Student: 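One structure coming up, written as structure tokens, with questions to follow.
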Amino acid sequence: MINADSIRRWKQWLTKHKVTAMAACGFLGMGCILLSELPSDSDPPQREQSPAVQTEAHEDYAASLEQRLTEMLSRMEGVGEISVMVTVQSSKEQIYAEEVKESAGEHNTQREHKPIITQQNGEEAALITKTQYPEIQGVAILCRGGGNAVIREQICDAVSTILGIPVSHIYVGIHHS
């Protein structure tokens, strides 16, 4: 039973040993934090990375856009000689359909991901469910007519409409030979 005398003794001990008591509390707290990070039997298994995503070089995608924009914009009246540069944020990703097999054990569940394979023209290929193209960061265009405000505005409007990016991500300047 706790009485006034035992409380008084604890207060005296704590007064004399403040640093020791604080260090002990600190170690106990760190121990509790470390123990809380240990996995338990009831923790769900971590999701495994699926092999069903493939990325392509973003340079190929940007180069394709540059070529198509160059061809289209060079046909605009007053544009003249033109150079186009497109920057993208990531790579093109293809997401494949996959079959997921689960096997439940006593303490955990294992998942096995396998891409679904189809026959196309006598060849086996993984079934693509979705293609995500990279996000376009910006476009820089240099052309002979880039000094004309009307042509610059027409180019910005065309590129903004085609690529679905804001005009603030498009630069049009003068091309010097």
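Position 1 is the first residue of the sequence, and the numbers go up from there. Predicted model, so just to flag it, every value in this text is computed and none were measured.
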Student: Could you pull out all residues at least two apart from S74 that satisfy side-chain contact (heavy atoms from CB on, under 4.5 Å)?
Tutor: I82
Student: Once rounded to the nearest 0.5 Å, what's the spacing between atom OG1 of T87 and atom CG of L65?
Tutor: 10.5 Å
Student: Assess the residue pair C143 and I155 against the criterion (side chain to side chain contact (heavy atoms under 4.5 Å, CB included)); give the C-alpha distance rounded to whole Å, side-chain angles, the decisive distance to 0.1 Å, and a yes or no.
Tutor: CA-CA 10 Å; C143 64; I155 291 171; 3.6 Å; yes
Student: Measure the spacing between OH of Y61 and CD1 of I136 and express it to the nearest 0.5 Å.
Tutor: 4.5 Å
Student: Kindly give the cluster partners of I117, where membership spreads through any ILVMFWY side chain lying under 4.5 Å from a current member.
Tutor: none
Student: In this structure, are over 12 heavy atoms from other groups packed under 6.0 Å from M85 atom CE?
Tutor: no
Student: Report all side-chain donor-acceptor pairs from residues 156-174 shorter than 3.5 Å, counting only partners two or more places apart or in another chain.
Tutor:
unit_1 : atom_1 : unit_2 : atom_2 : d
S160   : OG     : I165   : O      : 2.7
T161   : OG1    : D157   : O      : 2.8
H169   : ND1    : Q137   : O      : 3.1

Student: Going by side chain to side chain donor-acceptor pair (under 3.5 Å), name the residues that satisfy it together with E99, two or more places apart in sequence or in a different chain.
Tutor: none
Student: Under the rule for side chain to side chain donor-acceptor pair (under 3.5 Å), what residues qualify as partners of E102, not counting sequence neighbours?
Tutor: R111
Student: How long is the span from the NE2 atom in H176 to the CZ atom in R144, to the nearest 0.5 Å?
Tutor: 9.5 Å
Student: Atom CD in E81, atom OG1 in T70: separation rounded to 0.5 Å?
Tutor: 11.0 Å
Student: Hey, are K101 and E112 close enough for a salt bridge, meaning a charged N less than 4.0 Å from a carboxylate O?
Tutor: no
Student: Compare all side-chain heavy atoms of P134 with those of Q89 and state whether any distance is below 4.5 angstrom.
Tutor: no
Student: If we ignore hydrogens and angles and just use 3.5 Å, is the side chain of S83 paired with the main-chain N or O of L142 as donor and acceptor?
Tutor: no
Student: Listed by chain and number, what are the side-chain contact (heavy atoms from CB on, under 4.5 Å) partners of S64, not counting sequence neighbours?
Tutor: R68
Student: Would you call E98 and K114 a side-chain contact if the rule is heavy atoms closer than 4.5 Å?
Tutor: no
Student: Just to verify, what does E153 make a side chain to side chain donor-acceptor pair (under 3.5 Å) with, not counting sequence neighbours?
Tutor: none
Student: Does E123 have any salt bridge (Lys or Arg N to Asp or Glu O under 4.0 Å) partners at least two apart in sequence or in another chain, and if so, which?
Tutor: none
